[in-house]
Undergrad: 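Pasting a structure here, questions to come.
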Amino acid sequence: MEKFVRLEGLVAPLDRANVDTDAIIPKQFLKSIKRSGFGPNLFDEWRYRDVGEPGQDVAQRPRKDDFVLNQPRYQGAQILLTRKNFGCGSSREHAPWALLDFGFRALIAESFADIFFNNCFKNGILPIVLPAAEVDALFVQVTETPGYRLLIDLERQRVVRPDGKLLPFVIDAFRRECLLNGWDDIGLTLRHADLIRAFEEQRRRQQPWLFA
Amino acid sequence: MPQTLYEKLWQDHLVHQEADGTALIYIDRHLVHEVTSPQAFEGLKLAGRKPWRVSSIVATADHNTPTDHWDRGIEDPVSRLQVETLDANIREVGALAYFPFKDPRQGIVHVVGPESGATLPGMTVVCGDSHTSTHGAFACMAHGIGTSEVEHVLATQCLLQKKSRTMLLRVDGVLGKGVTAKDLALAIIGHIGTAGGTGYAIEFAGSAVRSLSMEGRMTLCNMAIEGGARLGMVAVDEVTIDYLRGRPFAPKGEQWQQAIALWRTLRSDDGAEFDHVVDLPAGEIGPQVSWGTSPEMVVAIDACVPDPAREGDPVKREGMERALVYMGLSANTPIREIALDKIFIGSCTNSRIEDLRAAAGVVRGKKVASSIRLAMVVPGSGLVKRQAEDEGLDEIFRAAGFEWREPGCSMCLAMNADRLEAGERCASTSNRNFEGRQGAGGRTHLVSPEMAAAAAIAGHFCDVRELL
Ligand code: SF4
């Protein structure tokens, strides 16, 4: 996993609440057995006017010009600003894979759905929860200011606005460490292999039917 | 100190805890299907790691499999590759049980697990699928995980978790005639919202929940995730134990006796404290129909499509307006006047034998309205299908004009050939009405099996209570 320490990047505003994982990456693209290549189909039904199928040349497809990610001013955005309950719905990790593949490294919203939130950390994406009033203010600033950028400083746990205002955010210490160092969860867990084995043996003795 | 069911399950699986509360939780049962596992098996192999305990794995192919013409195999090459990849992976590593495409016991992973007795009380159950919450009906700590976590469980038999807060969702009273577990689930989501359960483990309790069958409890827990909660659960009682007795992977003989003694302790202690309590009187709930593009956009059958003009919150209002445009509906239209193109009875929410019996009860001796283009029944598993056929339910559906299909996820998410065309309107017993969920541009209304059956006969929504 790629490290996440500081990110200074262009912000794209997606002004909708409850954006679900079916919208982030529609199911026909879930048939892939790879982890990459989902970026061109991120928000497929909102970005294109035709029906998306795997294997199409997206450059040839008609776009919905008014959709935010199709607007020239947001090309190259690395930070997605959105509304509450982003990522609700399925557990498909294809959703964070598509966001990452498209170029997003950080997401800002009032809240995120649980499983999606968790999946982001496994892929080096930082989902930041900010209070509603601050999210509102950011939406105003982004839409009013072409080229609007934010600085995200994970070490100091804060977002820095261009006007200098600091927006502190909360993150679990463990998740923060993993992101800062780009650690692989599995490797970390396997340091406890002896504990797991001992736990398992005891469980097998007490509830043998679980191991049938 | 009195403990909640969730706290007991958490304590019972805790291997290790970091200073910030991040815990290593042991996983008893790992359900695997073709869509979210290939990258996990590949990752494992690339890292040179071996699966920790293959006897925890129960696998099946369900999302991509066709529901008709099984003799032709899987015609879509991309879907076929995914199913073949699962075959190859399971053949290589092994499993407690594998129900491949065309196996008589194949089916939707959340139907197959419980019916084979592979889901047992007190287990942690995970799967790369958000509706794993279904298994909470057996007092399991059961939730969906992403593919990285699938790989993590394969490699370590554990997950890194933060403890959830606890919510008691208490439904006392009696559900009215024609009001089902599905209506209860939808009414709950309408009440708490799709983010209402975020961060919580929900325990469903109260006399109305106790009176549900295991099938009904699975329907309820299945939809916990639509209310934002990864976990939904119901305490063990005699209904749970009766359901499990004699199932292939349930313990036998002396172990069965030991197991049921332990299972009976899987309930919240009297006086246990929850972080949040919600009370919903059962008697006030009527048959539900979703009208929008989120499961919280739901009303009772006798209501009208809500009017965004009366919504004070601007973000919500805009969401409602967008939903009405997508759904092709106008505010204040009576729900009963909404005409349908397709009917789908199936999915891990409502495809068990009890669901099919209930729908068949409504359909018996009647005909699907001529305006309906397609009405289909997709049993949740091969075993459900066979049982339904033994009971003659397939004949009832066929005689009425329904198609009787092979088991799988089917039009719940339309990864196979079963789907809505743009603009088509469907009464569906599945769990998600998101934009494009059942096919690009398709319009989904979530209902119970009885309500879907009644809508098939009438051609539009109608109150199933008037038909009973
Ligand atoms: S039936 Fe639908 S919700 Fe259930 S596992 Fe299959 S696709 Fe997911």
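Numbered from 1 within each chain, the chains take letters A, B, ... in sequence-line order.
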Undergrad: Rounded to the nearest 0.5 Å, how far does CG of A:D185 lie from CG of B:L160?
TA: 5.0 Å
Undergrad: With only heavy atoms counted, which part of B:L14 is less than 4.5 Å from chain A, the side chain, the backbone, both or neither?
TA: backbone
Undergrad: At a 4.5 Å cut-off on heavy atoms, which part of B:V315 comes close to chain A: side chain, backbone, both, or neither?
TA: side chain
Undergrad: Taking A:D20's backbone N and O only, do any of them form a donor-acceptor pair with B:E435's side chain (distance below 3.5 Å, no angle check)?
TA: no
Undergrad: Salt bridge check, B:R49 against A:D184: does any charged N sit closer than 4.0 Å to a carboxylate O?
TA: yes
Undergrad: With a 4.5 angstrom heavy-atom cut-off, which part of B:A414 approaches chain A: side chain, backbone, both or neither?
TA: both
Undergrad: Indicate yes or no for a side-chain donor-acceptor contact from A:D22 to the backbone of B:R437 under 3.5 Å, with no hydrogens or angles considered.
TA: no
Undergrad: For the interface with chain B, which of A:P26, A:C88, A:G52, A:G89 has the highest count of heavy-atom pairs at distances below 4.5 Å?
TA: A:G89
Undergrad: Does any heavy atom of chain A fall under 4.5 Å from the side chain of B:Q39, the backbone, both, or neither of them?
TA: both
Undergrad: Under the salt bridge (Lys or Arg N to Asp or Glu O under 4.0 Å) rule, what pairs show up with a residue in residues 198-212 of chain A, not counting sequence neighbours?
TA: A:E200-B:R53, A:E201-A:R204, A:R203-B:D12, A:R203-B:D28
Undergrad: So which bits of residues 94-104 of chain A come within less than 4.5 Å of chain B, counting non-hydrogen atoms only?
TA: A:H94, A:W97
Undergrad: At a 4.5 Å cut-off on heavy atoms, which part of B:H13 comes close to chain A: side chain, backbone, both, or neither?
TA: both
Undergrad: Using a heavy-atom distance cut-off of less than 4.5 Å, which residues of residues 120-141 of chain A contact chain B?
TA: A:K122, A:N123
Undergrad: Based on non-hydrogen pairs under 4.5 Å, which of A:R16, A:Q206, A:E45 is most in contact with chain B?
TA: A:R16
Undergrad: Counting only N and O atoms by type, is there a donor-acceptor contact under 3.5 Å from the side chain of A:K27 to the main-chain atoms of B:G436?
TA: yes
Undergrad: Can you say whether B:E296 sits under 4.5 Å from chain A via the side chain, the backbone, both, or neither, judging by heavy atoms?
TA: side chain
Undergrad: Check whether any side-chain N or O of A:E93 sits under 3.5 Å from a backbone N or O of B:S148 as a donor-acceptor pair, and report yes or no.
TA: yes
Undergrad: How far does SG of B:C158 sit from CD1 of A:I196, to the nearest 0.5 angstrom?
TA: 4.0 Å
Undergrad: Is B:Q258 reaching over with its side chain to a backbone N or O of A:W209, donor-acceptor style, under 3.5 angstrom?
TA: no
Undergrad: Counting only heavy atoms closer than 4.5 Å, note whether B:T85 contacts chain A via side chain, backbone, both or neither.
TA: side chain
Undergrad: Please state whether the side chain, the backbone, both or neither of B:K162 comes within less than 4.5 Å of a heavy atom of chain A.
TA: side chain
Undergrad: So what's closer than 4.5 Å to chain A heavy atoms on B:L413: side chain, backbone, both or neither?
TA: both
Undergrad: For B:W52, is it the side chain, the backbone, both, or neither that has a heavy atom closer than 4.5 Å to a heavy atom of chain A?
TA: side chain
Undergrad: Ignoring hydrogens and angles, tell me if any N or O in the side chain of A:K31 forms a donor-acceptor pair with the backbone of B:M415 under 3.5 Å.
TA: yes
Undergrad: Could I get the full list of side chain to side chain donor-acceptor pair (under 3.5 Å) partners for A:Q157, not counting sequence neighbours?
TA: A:R176
Undergrad: Under 3.5 Å, side chain of A:D114 to main-chain N/O of B:G199, donor-acceptor pair present?
TA: yes
Undergrad: Below 4.5 Å from any heavy atom of chain A, which atoms of B:T22 appear? Answer side chain, backbone, both or neither.
TA: side chain
Undergrad: Checking B:E84 against chain A: side chain, backbone, both or neither under 4.5 Å from a heavy atom?
TA: neither
Undergrad: For A:K34, I'd like to know if atom NZ has over 12 heavy atoms of other residues, nucleotides or ligands within 6.0 Å.
TA: no
Undergrad: In terms of heavy-atom pairs under 4.5 Å, which option from A:A193, A:S111, A:A17 contacts chain B the most?
TA: A:A193
Undergrad: What part of B:Q255 gets within 4.5 angstrom of chain A, counting heavy atoms only: side chain, backbone, both, or neither?
TA: both
